[in-house]
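A short worksheet on the structure shown next.
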Amino acid sequence: MAGNSKKYRSKMFRIGVEGATTDGRTIERSWLEEMAASYNRNTYGARINVEHIKGLSPDSQFGAYGDVLALKTEEVEINGEKKLALFAQIQPNDALLALNKKGQKIYTSMEIQPKFANTGKAYLVGLAVTDSPASLGTEALEFSAKHGTLTSRKQDKDNLFTAAEPAELEFEEVDDTPSKVAGLFKKVSELLGKGKQTEEQFGELAETLEAIAKHSADQAEALTAEQTARKSLETSFAKLESDLQALTKQLGNTPDPEQFKRPPATGGDGQQLATF
């Protein structure tokens, strides 16, 4: 599908709950806490796929459908029982947006690696969209665990897929245009956070502060120019309105040259009697 210049991201939505069983194992509370605490796209970005199938061709229906941006945990109540849930924020691509509009693949299933890399902690390595609701998803996954039908879809043999959770996806457009001032202040903060500056860092700090001052001056100059232009426009409008009123009054007092005017009526002695 062709790329879209607009970017979207979802609100946080639930993708898993502690205790749900798949592959004969239980989703541990600590796993959810570890995944939320350690998730970092720079370390490893979890991609979104369909039914845990990772196609090789980007043009196939089993290509990537977006990325997981962030994770957090939150207590939820399910059937009167409090449980820890994992929530995700995702960035969909056009393909996932199209599926969502059609009401397709409205459930999600996590791929969890219980011991990620050398950390020994759980990590979210993938997120699938599916049409299988949680109960049916659990049964299908347990069946697959016994018969090995999903083994080939795992990134690691020790990974597990979770039961599908209903995904209430709400997308909002992202304005990722960085603010120049925000970027400059961030740079200043980073330089100051390094403690004692070297000569090079001090020079860089001075240049950044000068850039902030220049930007502020430019903004002030632009504001002054806008105010001057607005005042000039208001003055021109007032003069135009005054001229229009004067012209309207003048035209009101000017006889219509097209209007017929009778000559004055006179009496027998040449005295003017009336005019029309």
Side-chain angles (χ1 to χ4, degrees), residues 1-17 20 22 27 32 35-36 39-42 44-74 76-79 83-113 123-141 143-144 149-150 152-155 159-178:
M1 184 175 291
N4 193 325
S5 59
K6 294 182 179 180
K7 290 183 179 180
Y8 294 85
R9 64 186 171 204
S10 73
K11 295 182 179 180
M12 284 283 186
F13 65 98
R14 195 177 79 198
I15 60 173
V17 180
T22 62
I27 299 177
L32 303 185
M35 287 191 289
Y39 186 76
N40 187 330
R41 293 181 68 195
N42 292 327
Y44 186 93
R47 304 224 71 191
I48 302 168
N49 56 65
V50 171
E51 305 291 351
H52 292 293
I53 300 175
K54 306 167 189 69
L56 297 178
S57 171
D59 298 324
S60 77
Q61 61 180 322
F62 295 112
Y65 282 71
D67 298 274
V68 176
L69 300 179
L71 299 174
K72 73 170 186 177
T73 55
E74 189 176 303
V76 298
E77 188 171 314
I78 300 177
N79 298 325
K83 292 187 176 183
L84 188 68
L86 185 66
F87 288 75
Q89 181 184 51
I90 65 172
Q91 184 174 69
N93 60 19
D94 291 347
L96 183 54
L97 288 172
L99 280 178
N100 187 252
K101 285 181 180 179
K102 295 178 182 177
Q104 300 292 317
K105 307 299 178 184
I106 59 173
Y107 298 89
T108 59
S109 171
M110 299 185 288
E111 181 175 0
I112 300 174
Q113 190 162 337
Y123 198 90
L124 179 74
V125 295
L127 184 68
V129 289
T130 176
D131 278 328
S132 302
S135 58
L136 293 179
T138 301
E139 293 170 5
L141 289 170
F143 174 84
S144 297
T149 56
L150 287 181
S152 61
R153 300 185 191 180
K154 295 179 180 180
Q155 294 189 39
N159 290 3
L160 74 152
F161 299 140
T162 66
E165 289 284 338
E168 297 180 7
L169 294 175
E170 293 182 54
F171 296 115
E172 58 187 8
E173 191 173 342
V174 179
D175 181 7
D176 57 0
T177 304

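Keep in mind the model is a prediction, meaning the values are calculated, not measured.
At distances below 3.5 Å, not a single donor-acceptor pair connects side-chain atoms of Thr130 with backbone N or O atoms of Tyr107. Under the 3.5 Å distance criterion, the side-chain polar atoms of Asn93 are matched with a main-chain donor or acceptor of Leu96.
Every residue meeting the side-chain contact (heavy atoms from CB on, under 4.5 Å) condition with Leu99, not counting sequence neighbours, appears here in chain and number order: Tyr65, Gln104, Lys105. Taking the side-chain hydrogen bond (donor to acceptor under 3.5 Å, both in side chains) definition, one finds that Arg41 meets it with nothing, sequence neighbours left out. With sequence neighbours left out, the side-chain hydrogen bond (donor to acceptor under 3.5 Å, both in side chains) criterion links Glu111 to Lys54, Asn159. With sequence neighbours excluded, no residue forms a ring pair (Phe, Tyr, Trp, His ring centres under 6.0 Å) with Phe13. Under the side-chain hydrogen bond (donor to acceptor under 3.5 Å, both in side chains) criterion, Lys72 pairs with Glu74, sequence neighbours left out. For Asp67, the side-chain hydrogen bond (donor to acceptor under 3.5 Å, both in side chains) partners two or more places apart in sequence, or in a different chain, are Arg47. With sequence neighbours excluded, the residues forming a side-chain contact (heavy atoms from CB on, under 4.5 Å) with Gln89 are Arg9, Ser10, Met12, Leu69, Ala70, listed by chain and number. The ring pair (Phe, Tyr, Trp, His ring centres under 6.0 Å) test applied to Tyr39 returns Tyr123, not counting sequence neighbours.
Taking both residues in full, the closest heavy atoms of Leu97 and Tyr8 are given as CD1-CD1, 3.8 Å, listed atom of the first, atom of the second, then distance. Across all non-hydrogen atoms, the minimal contact from Asp131 to Ile106 is OD1-N, 3.8 Å. Shown here for Ala46 and Leu124, the closest heavy-atom pair between the two residues is CB-O, 3.6 Å.
Between Ser109 and Glu165 the shortest side-chain heavy-atom distance does not fall below 4.5 Å. Between Ile27 and Leu32 the shortest side-chain heavy-atom distance falls below 4.5 Å. Within the 4.5 Å cutoff, the side chain of Val17 has heavy atoms near those of the Lys83 side chain. Looking at Phe87 and Thr73, their side chains never come closer than 4.5 Å, going by heavy atoms from C-beta outward.
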request  = I would like to know whether Leu86 and Leu71 meet side chain to side chain contact (heavy atoms under 4.5 Å, CB included); could you show each step before the answer?
outcome  = CA-CA 7 Å; Leu86 185 66; Leu71 299 174; 4.2 Å; yes
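Expressed to the nearest 0.5 Å, how far OG1 of Thr108 lies from CD1 of Ile48 amounts to 9.5 Å.
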